[in-house]
Structures are given as structure tokens and as C-alpha cells.
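In what follows, a structure is listed as C-alpha cells, so that the remarks can point back to it.
Below, chain A is the first sequence line, B the second, and so on; all start at residue 1.
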There are 2 protein chains.
Amino acid sequence: MRARLYCERCAVRQTSLCSEVSDEAARELVPIAHHRRIPAGQVIQSDHQGLGWLAIIVSGVVKLVKAQKDGRLQIVGLQYPADFVGHPYLSKNSLVAEATTPLELCCFSRTAFENIMRSHPSLEQALYRRALSDLETAREWMFLLGRKTAREKVASLLISMATRVAPPPACGKAAELPSRFELPLSRIEIADALGLTLETVSREFRHLKDAGVISTAGRRSINILSPAMLHTLAASD
Amino acid sequence: MRARLYCERCAVRQTSLCSEVSDEAARELVPIAHHRRIPAGQVIQSDHQGLGWLAIIVSGVVKLVKAQKDGRLQIVGLQYPADFVGHPYLSKNSLVAEATTPLELCCFSRTAFENIMRSHPSLEQALYRRALSDLETAREWMFLLGRKTAREKVASLLISMATRVAPPPACGKAAELPSRFELPLSRIEIADALGLTLETVSREFRHLKDAGVISTAGRRSINILSPAMLHTLAASD
DNA sequence: ATTGGACTTTGACCCAAATCAAAGGCGCGG
DNA sequence: CCGCGCCTTTGATTTGGGTCAAAGTCCAAT
């Protein structure tokens with residue numbers, strides 16, 4: 001199984017980098033991989049001067065936060081298992097990446113990784129494709145922020161989180177919503193992702209529960225009672 | 001002058017692709033370049049099945065629009081002279097690119113361009129960097145959509161358009177706001193870029209004029225009377 | 001120069017979501 | 001098992017920006 005090529009403990013799912021690069025590139029990556037665990041809430045890269053590392057998420061969720069000095073902040077990206085964290089050729093980005101749940105990472109030192117990238121176009125291309133996919137995600141999110149109502153925003157985020165947190169669908173099958181999943185974000189974080197306040201998020205959760213679309217157990221468990229209704233409320237075309 | 005390498009009529013400014021790739025790559029690109037003019041308002045790529053072309057903007061502005069069937073729409077990107085339009089390895093994107101002003105493009109057929117890209121890593125890397133830069137722009141924009149007030153949104157967009165529409169600053173100098181520039185967007189387009197309505201945009205223009213920050217001449221000419229005040233109102237940190 | 005139509009401005013009113021305020025409940029450490 | 005914080009819910013009120021409506025302008029084609 002090729003996923004093992006990276007690193008013994010990296011049971012990263014099929015979609016990860018391993019299946020996108022040439023065998024030689026993968027073989028060179030193995031020895032420079034190392035694991036790391038990060039507790040929830042910890043910042044994972046301030047990344048001064050291009051130092052630090054790049055990583056593939058093995059388990060857990062990372063939020064990318066853009067903040068202003070006046071205290072306002074907006075979550076501008078969520079990275080799930082198999083996603084890449086950090087960018088080579090770092091554009092001194094003004095982002096903070098933070099674990100929203102306990103995290104398992106498969107890390108590569110930045111310089112070693114960039115060296116392999118230079119000699120293996122397939123690796124560079126794989127990252128390029130990921131950047132394009134991130135861009136597409138960001139633009140979809142821009143539509144949500146600019147044009148959707150609070151209700152649609154919450155429904156959309158629930159769908160997107162449920163899809164990404166669930167195990168990947170069998171090859172060739174469309175992704176389906178799980179009937180139950182764990183929220184990787186608190187109410188405040190959901191609000192910061194959607195450009196809302198936590199009170200509004202809470203009220204929309206209440207509405208979804210009253211409408212029989214979802215039910216909750218504890219603070220983080222969500223049951224999706226009516227996937228069809230949820231999709232309708234999300235109004236994603 | 002290296003800019004000429006691309007194509008005789010491509011007086012694309014210094015920042016463009018030409019200065020970012022190897023000489024050999026640039027030499028291969030020249031023969032496949034061709035020019036095209038596009039009137040304002042015209043859609044420039046629906047790009048079915050990866051056909052069509054990729055282009056560098058020589059003059060004019062392109063808006064990237066994401067629309068839903070219910071009529072809501074959001075501008076999710078603006079491309080200015082020297083920017084790239086379209087993505088290789090096209091991720092069948094759900095975007096429509098449209099000229100907001102008359103446009104001059106330097107076009108490359110998609111397949112020819114991708115072939116050159118495969119044999120010239122410097123070209124691929126240049127596009128990768130552009131994608132990362134687009135991503136950074138998109139995330140900045142997400143903050144604006146999610147967390148800024150109408151006034152801050154309008155001020156921010158004015159600054160960004162004024163900066164990009166102006167001639168590039170002398171090497172080593174910081175970009176400075178021109179005292180006068182032409183808006184590349186109508187009021188409706190500004191509203192669609194900022195997640196507002198055209199009425200709100202109009203009212204914020206009025207406020208900026210009353211406050212002596214800008215003045216207008218005709219529908220599209222803007223005079224920046226107080227760049228400092230404009231920056232303050234934009235609240236970009 | 002005239003004129004028609006689209007773009008823009010302005011005004012009046014309304015509503016979705018923010019803000020302010022106060023309980024309530026989950027879960028962790030003792 | 002208990003109690004204390006913090007996260008979350010709920011309620012009351014406010015408000016920024018949206019909606020609806022009407023007048024005013026720019027400008028391109030006649």
C-alpha cells in the first residue's frame with residue numbers, strides 16, 4: 001500500500017500526497033518525515049524566516065486565522081486529515097495556524113522538503129494542484145461570507161465539516177453525509193469561520209434542532225436527522 | 001528588454017511572467033502567443049473540457065464571478081494588467097471570468113502552454129507562486145467580507161484598485177496611491193465585490209465625499225484628496 | 001443638440017443579525 | 001461526587017445595511 005511509503009505511522013488516507021507523486025519522490029520523502037502530536041488550541045506555525053516545517057495532517061483539524069490588532073478575526077481556512085499545512089516558498093503569510101482539536105502531523109523540515117521538490121517536478125505539481133484546490137475552496141467560502149444568510153452559512157458549514165470529518169467514500173462513490181459526527185470547532189470558532197457572532201450561531205443551531213434537521217449530544221456531537229433538508233437550507237445552488 | 005521575449009506587442013510590465021521564468025522557457029512561449037481584444041462586459045472563458053486558452057492581461061481588468069441560480073452573485077477575484085487568467089490543469093472551476101473594461105490579452109493555447117510547462121519547471125514554479133499569491137489575496141478578501149463594515153469595505157477596495165490600476169512603483173519604492181484614477185468597476189460591480197448592495201456603496205461614496213476624502217468626476221473618475229484618511233477608514237490593521 | 005435608457009443618487013422604512021445582559025449546563029479537577 | 005469555570009443558550013433591545021420607491025445624471029446614438 002503506497003500510503004506507507006511516507007512513514008510507518010502515516011496511515012494518511014488515499015487522497016494524500018503519496019498517491020500523487022512519483023515513486024522516487026515518495027521514496028526520498030520517507031527518511032525526512034517525522035511525527036508530531038499537538039494539543040488542541042496550540043498554534044502550529046509562526047514560521048519566521050522560512051524556518052520551521054511543512055506537514056500533512058494525519059488526524060485532527062487545523063484552522064487558519066487572520067486577525068487584526070483591534071481584536072476582530074476571521075477563520076479563512078480549515079485543513080482536515082490528508083491536507084497540507086504550510087506552503088513551500090513561503091510568502092511570509094499573515095496567517096496563524098492553530099489546532100482546533102488534538103493533532104497528529106507528519107512533518108518535513110522545510111529546507112529538506114524544498115530540495116526534494118526542486119528535483120522532483122511531480123511533487124511540485126502535486127502541491128500546485130493543492131494550491132489551486134485551496135483557492136477554489138477559498139472562493140466558494142467568499143460567496144458564503146458575502147451572500148449567504150446566517151442560516152445558510154451554518155447549514156453549509158455543517159455539511160462541509162460532516163463531509164470532511166467522515167471517512168472518505170469508497171472509490172467512485174459520491175461523498176455522503178454521515179448520520180453522526182463530532183464538531184471540530186466550538187461555537188465561537190464556527191462564528192469566526194462564518195463571519196457571525198456566537199449568539200447567532202447558537203440561535204441557528206436551535207432553529208435546526210426545532211426543525212428536526214439535526215440533534216445534538218453534548219457540546220460537540222451532531223446527529224444529522226435530515227440530510228436532504230440540510231442541503232436545502234444550505235442553498236448551495 | 002526581456003518583456004519583449006513573449007510577443008512583440010506585449011508591453012506587459014516588469015512584474016509579469018517573463019521576468020520569472022528561464023530564458024529557454026520564455027523563448028518557447030513567444031511563438032505560441034497571440035493577441036486578442038475583448039470589449040467590456042464580455043465573458044472571456046467558459047472553458048468546457050479544458051479547451052480554450054490561458055492569458056496574461058496586457059491592459060484592462062477582469063472580474064471572476066461566482067453565481068447561483070437564484071440570482072445572487074459574488075465577485076471573488078479581480079485580475080489586473082500582468083496577472084494571469086485561467087488555470088492550467090483546470091479544475092473545472094465554477095467561475096465566470098468577465099471583462100469589466102475593454103481588455104487586451106496575450107493568449108496561449110492551453111495544450112501548447114501545458115506542454116511547455118511540463119518541460120520547464122521554472123514556468124510551473126512561476127505559476128505555482130502566482131496561485132499562492134492569489135490564495136493570499138483571497139484570504140485577505142475573506143476577512144474583508146466577514147468582518148469589515150460597509151465603510152471599511154469601500155475604503156479598502158478603493159485603495160486596492162487605486163494601487164493596482166496605477167503604474168507600478170519604481171524599483172524598491174513602496175506603492176503609493178495615485179491622486180487620481182479611473183474606477184474599473186461600476187457601482188453594482190463594487191457592491192458585488194464587497195458583499196453589499198449598490199445603494200449602500202453609493203451612500204458610502206457620498207460619505208467619503210462629504211468627509212473630503214475623495215471627490216468624483218463623472219461616473220468613473222476618482223480623486224483621492226486624503227490618502228491618509230482613506231487608509232484609516234479602511235482599517236486594514 | 002436632442003433624447004432614451006441605463007447607471008446612480010437619495011429618501012423612507014424595515015429586518016436580520018449584532019449587541020447587551022443574564023441564566024443555564026457540561027466537564028474537568030479536586 | 002461536588003463545585004467551579006467556561007462554554008453555551010436564551011432573552012431584550014439596538015442598529016447597520018437591505019429593500020422599496022422615486023428622482024436625477026451621464027453619455028452614446030440619433
Side-chain angles (χ1 to χ4, degrees), chain A residues 39-41 63 70-74 98 100-102 144-158 182-211 214-223 233 235, chain B residues 39-41 63 70-75 98 100-102 144-158 182-211 214-222 233 235:
Chain A
K63 61 176 174 182
D70 62 16
R72 285 183 284 186
L73 60 88
Q74 172 70 43
E98 192 176 325
T100 69
T101 65
L144 174 147
L145 289 170
R147 295 303 188 198
K148 285 192 177 179
T149 64
R151 184 153 307 161
E152 292 167 342
K153 286 178 176 181
V154 170
S156 300
L157 186 62
L158 284 178
E182 295 294 306
L183 278 182
L185 305 179
S186 68
R187 297 293 183 276
I188 296 183
E189 287 172 321
I190 293 173
D192 286 336
L194 299 176
L196 299 172
T197 59
L198 75 171
E199 293 97 327
T200 299
V201 171
S202 180
R203 281 185 249 273
E204 292 306 332
F205 267 74
R206 163 119 316 279
H207 175 91
L208 290 175
K209 283 187 277 190
D210 289 350
I214 63 169
S215 65
T216 59
R219 285 169 175 167
R220 298 249 174 165
S221 265
I222 301 281
N223 288 80
L233 289 174
Chain B
K63 61 176 174 183
D70 62 16
R72 284 184 284 186
L73 60 88
Q74 172 70 44
I75 294 180
E98 192 176 324
T100 69
T101 65
L144 175 148
L145 289 171
R147 295 303 187 196
K148 286 192 177 179
T149 64
R151 185 153 307 162
E152 292 167 342
K153 285 178 177 182
V154 170
S156 300
L157 185 63
L158 283 178
E182 295 294 305
L183 278 181
L185 305 180
S186 68
R187 297 291 184 277
I188 295 183
E189 288 172 320
I190 293 173
D192 286 336
L194 300 176
L196 298 171
T197 60
L198 75 170
E199 293 97 327
T200 299
V201 171
S202 180
R203 281 186 250 271
E204 293 305 333
F205 267 73
R206 164 118 314 279
H207 176 92
L208 290 175
K209 283 189 276 190
D210 289 349
I214 63 169
S215 65
T216 60
R219 284 169 176 168
R220 298 250 175 167
S221 267
I222 301 280
L233 288 174

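Looking at B:Glu189, its side chain has no donor and acceptor atom pair within 3.5 Å of the base of C:dC7.
Atom CZ of A:Arg203 and atom C1' of D:dA12 are 9 Å apart (whole Å). In this structure, A:Glu152 atom CD and C:dA16 atom P are separated by 12 Å, rounded to whole Å. Rounded to whole Å, the distance from CD1 on B:Ile188 to P on D:dG18 is 14 Å. Here the P atom of nucleotide C:dG24 and the CZ atom of A:Phe205 are 22 Å apart, to the nearest Å. The separation between A:Lys148 atom NZ and C:dA17 atom C1' is 18 Å, rounded to whole Å. A straight line from CZ of B:Arg220 to P of D:dC27 spans 10 Å, rounded to a whole angstrom. Counting to the nearest Å, the P atom of D:dG17 and the CG atom of A:Leu196 are 15 Å from each other. Atom NE2 in B:His207 sits roughly 19 Å away from atom C1' in C:dT8 (whole-Å rounding).
One distance of note links CZ of A:Phe205 with CD1 of A:Ile222; it measures 4.5 Å at 0.5 Å rounding.
Residue B:Thr197 places at least one side-chain N or O under 4.0 Å from the OP1 or OP2 atom of D:dG18. Taking side-chain N and O atoms only, A:Arg206 has a distance below 4.0 Å to OP1 or OP2 of D:dT10. Listed pair B:Ser202 / C:dT9 meets the phosphate criterion, a side-chain N or O lying under 4.0 Å from OP1 or OP2.
If you find the closest nucleotide of DNA chain D to B:Glu204 and to A:Leu185, the one lying nearer the 5' end belongs to A:Leu185. Between A:Ala150 and A:Gly218, it is A:Ala150 whose nearest contact on DNA chain C lies nearer the 5' terminus.
Here the side chain of A:Arg147 pairs no donor or acceptor atom with the backbone of B:Arg72 at under 3.5 angstrom. With hydrogens and angles disregarded, a donor-acceptor distance shorter than 3.5 Å links the side chain of A:Gln74 to the backbone of A:Asp192.
Checking B:Lys209 against B:Ser215 by side-chain atom types alone, no donor-acceptor pair falls below 3.5 Å.
Remark: A:Arg220 does not engage A:Glu182 in a salt bridge, criterion side-chain N to carboxylate O under 4.0 Å.
Across all strands shown, A:Ser186 has heavy atoms under 4.0 Å from sugar-phosphate atoms exclusively, and none from any base. Note on A:Arg187: only backbone sugar-phosphate atoms sit closer than 4.0 angstrom, heavy atoms only; bases stay farther off.
Of the candidate nucleotides C:dT10, C:dA6, C:dC20, C:dC20 has the atom nearest to the side chain of A:Glu199.
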